Protein chains: 2
Amino acid sequence: MEITSYKHTDRILVAIDCIIFGFDKEQLKLLLIKRDFEPEKGKWSLMGGFLGESESLDEAAHRILKALTGLKNIYLEQLHAFGEVNRDPVERTISVAYNALIDIEAHSFELSDDYSASWFPITQLPDVIFDHNQMITDALDRLQYKASHEAIGFELLPEKFTLPELQKLYECIYGRSLDKRNFRRRILAMDVLINTGEKEKESSKKGAFLYTFDQTEFNKLQKAGQNMDLNLY
Amino acid sequence: MEITSYKHTDRILVAIDCIIFGFDKEQLKLLLIKRDFEPEKGKWSLMGGFLGESESLDEAAHRILKALTGLKNIYLEQLHAFGEVNRDPVERTISVAYNALIDIEAHSFELSDDYSASWFPITQLPDVIFDHNQMITDALDRLQYKASHEAIGFELLPEKFTLPELQKLYECIYGRSLDKRNFRRRILAMDVLINTGEKEKESSKKGAFLYTFDQTEFNKLQKAGQNMDLNLY
DNA sequence: GCAAAAGTGTTACGAATACACCCATGA
DNA sequence: TCATGGGTGTATTCGTAACACTTTTGC
């Protein structure tokens with residue numbers, strides 16, 4: 001006899017919440033929405049949704065992110081499952097949180113109007129509902145860790161970017177300034193940046209070279225177990 | 001009007017699976033059980049269970065661990081939520097996996113007979129059900145990472161242990177041998193070990209000093225942001 | 001007295017840090 | 001010509017890695 005369900009009865013709502021990081025050449029930001037249903041309607045919240053029967057956790061996270069941003073191939077990484085009994089006052093709900101990194105200035109996307117979303121600098125976040133504050137704290141820790149040990153920061157930048165921009169991004173992530181020469185030496189030593197030869201001249205008279213991230217080379221090095229620590233933190 | 005449930009209907013089974021590591025002075029081992037219900041009855045599996053309505057994820061993990069080992073205050077850390085649609089062939093179930101570390105030789109506990117559990121060296125694991133193999137791989141990666149950056153290995157040892165035992169444990173975790181002098185220097189430099197003055201004389205004629213782990217000192221240093229990396233990997 | 005495991009220091013190398021000046025350009 | 005931001009090199013310090021012998025004691 002084939003079994004088609006477990007006798008166990010406690011089936012539970014599973015939510016997904018996305019901690020969406022962005023960078024706009026100046027500040028590291030977080031995308032929050034005005035919650036449009038009770039409870040806490042009108043308060044700020046992470047973008048979220050419920051897990052459907054026929055989608056994996058990762059798929060649900062992508063679906064939710066796409067609903068808000070229209071973007072498909074976003075960097076997404078599971079952060080943690082939050083499961084305190086009363087974390088949602090309405091009904092028992094566990095939430096699996098995901099970190100998302102997107103390039104704010106990609107002209108290819110527009111935020112959906114359905115959610116009244118807006119970007120907040122991570123240094124000036126409003127109050128958020130439930131345990132979303134904890135999620136955000138954990139998310140930033142994870143981002144710092146990841147950015148130091150893997151070539152992850154690039155997800156937050158346009159395809160072409162300058163080294164000063166990249167440094168600024170890392171400074172925002174770590175909340176401290178970095179030595180220009182040491183930063184450049186180390187990031188270039190990773191051997192995953194390609195100088196396009198083009199110059200960006202908006203932010204200075206001299207102009208700064210535009211680089212691209214060499215994903216193929218990065219994959220090769222990572223597979224070879226190459227150490228790519230930036231030793232920040 | 002107060003809201004008491006979300007309209008959303010997809011409530012889903014939430015399982016907990018525990019990756020239980022132990023160490024017996026020789027090898028790093030994993031505790032597996034013979035699954036006693038369908039499907040895959042009789043096959044090896046991680047110890048698991050379902051999340052109840054009125055317990056948090058962490059509480060459920062502790063409950064499940066206690067059911068098998070009788071132990072209460074075990075090191076437990078959430079690993080990852082696994083949520084592929086067909087990971088459990090019976091019914092849609094997501095599983096939140098937890099890493100557990102226990103001292104195999106603690107005389108204070110006995111495995112419950114209810115589960116036909118047994119310890120397997122991590123180098124010789126049997127086939128396991130579902131996606132438990134993936135969970136185990138992830139768990140070992142996490143253990144390696146944690147053991148290198150925090151004083152975590154101690155959870156796997158008795159209250160009193162010798163430095164050669166501790167080194168052996170780390171060698172098992174990393175699957176390679178370590179230089180005795182460098183290992184001792186670094187572990188002692190962390191300043192969280194106390195030499196009890198007693199000697200253990202079973203494994204050698206000369207005898208090795210027994211140490212204890214100074215949890216209080218460790219907490220202090222950790223709070224102070226002290227770097228306690230062992231730089232293994 | 002010898003076998004077996006515990007314990008101990010030093011040197012050499014490489015990586016991280018700190019630090020100051022020149023360059024190119026537009027206004 | 002000067003103000004602005006981009007770009008470059010070196011000396012010092014510190015941490016990591018490599019390495020071999022002495023000690024203790026039970027048999």
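Predicted model only: the values in this text are computed from it and were never measured. So that the names make sense, note that chain A is the first sequence line, chain B the second, and so on, each numbered from 1.
Taking every side-chain heavy atom of B:Asp179 into account, D:dC19 is the closest of D:dG6, C:dA6, D:dC19. Picking from C:dG26, D:dG6, C:dG7 the nucleotide with the shortest atom distance to the side chain of A:Ala208 gives D:dG6. Closest approach to the B:Lys206 side chain among C:dA6, D:dA17, D:dG7 is made by C:dA6 (side chain taken as heavy atoms from C-beta onward). Candidate nucleotides D:dT4, D:dG9, D:dC19 were compared by shortest atom distance to the side chain of A:Asn182, and D:dG9 ranks first.
Near DNA chain C, meaning a heavy atom under 4.0 Å from it, residues 185-203 of chain B has B:Arg185, B:Ser203 in order of number.
Atoms NZ and NZ, from A:Lys206 and A:Lys201 in turn, are 10.5 Å apart once rounded to the nearest 0.5 Å.
Partner A:Phe161 forms a ring-ring contact (aromatic ring centres under 6.0 Å, His included) with one of A:Phe209, A:Phe154, A:Phe23 and no other, that one being A:Phe154.
At least one side-chain heavy atom of B:Leu140 sits less than 4.5 Å from a side-chain heavy atom of B:Phe21.
A salt bridge does not link A:Glu171 to A:Lys168: none of the charged side-chain nitrogens sits closer than 4.0 Å to a carboxylate oxygen.
Nucleotides of DNA chain D nearest to B:Gly207 and B:Leu230 differ in position, and the one nearer the 5' end is that of B:Leu230.
If you take CZ of A:Phe183 and P of D:dG6, they are 13 Å apart, rounded to a whole angstrom. Atom CZ of A:Phe209 is separated from atom P of C:dT25 by 10 Å (rounded to the nearest Å).
Side-chain contact check for A:Asn99 and A:Tyr75: no donor-acceptor pair (N or O, by modelled atom type) lies under 3.5 Å.
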Using a 3.5 Å cut-off and no angle test, enumerate the donor-acceptor pairs between side-chain atoms of residues 115-131 of chain A and protein atoms at least two apart in sequence or in another chain.
{"residue": "A:Asp131", "atom": "OD1", "partner": "A:Arg87", "partner atom": "NE", "Å": "3.4"}
{"residue": "A:Asp131", "atom": "OD1", "partner": "A:Arg87", "partner atom": "NH2", "Å": "3.0"}
{"residue": "A:Asp131", "atom": "OD2", "partner": "A:Arg87", "partner atom": "NE", "Å": "2.6"}

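For B:Arg184 and C:dA6, a side-chain-to-base donor-acceptor distance below 3.5 Å is absent, hydrogens and geometry of angles not being considered.
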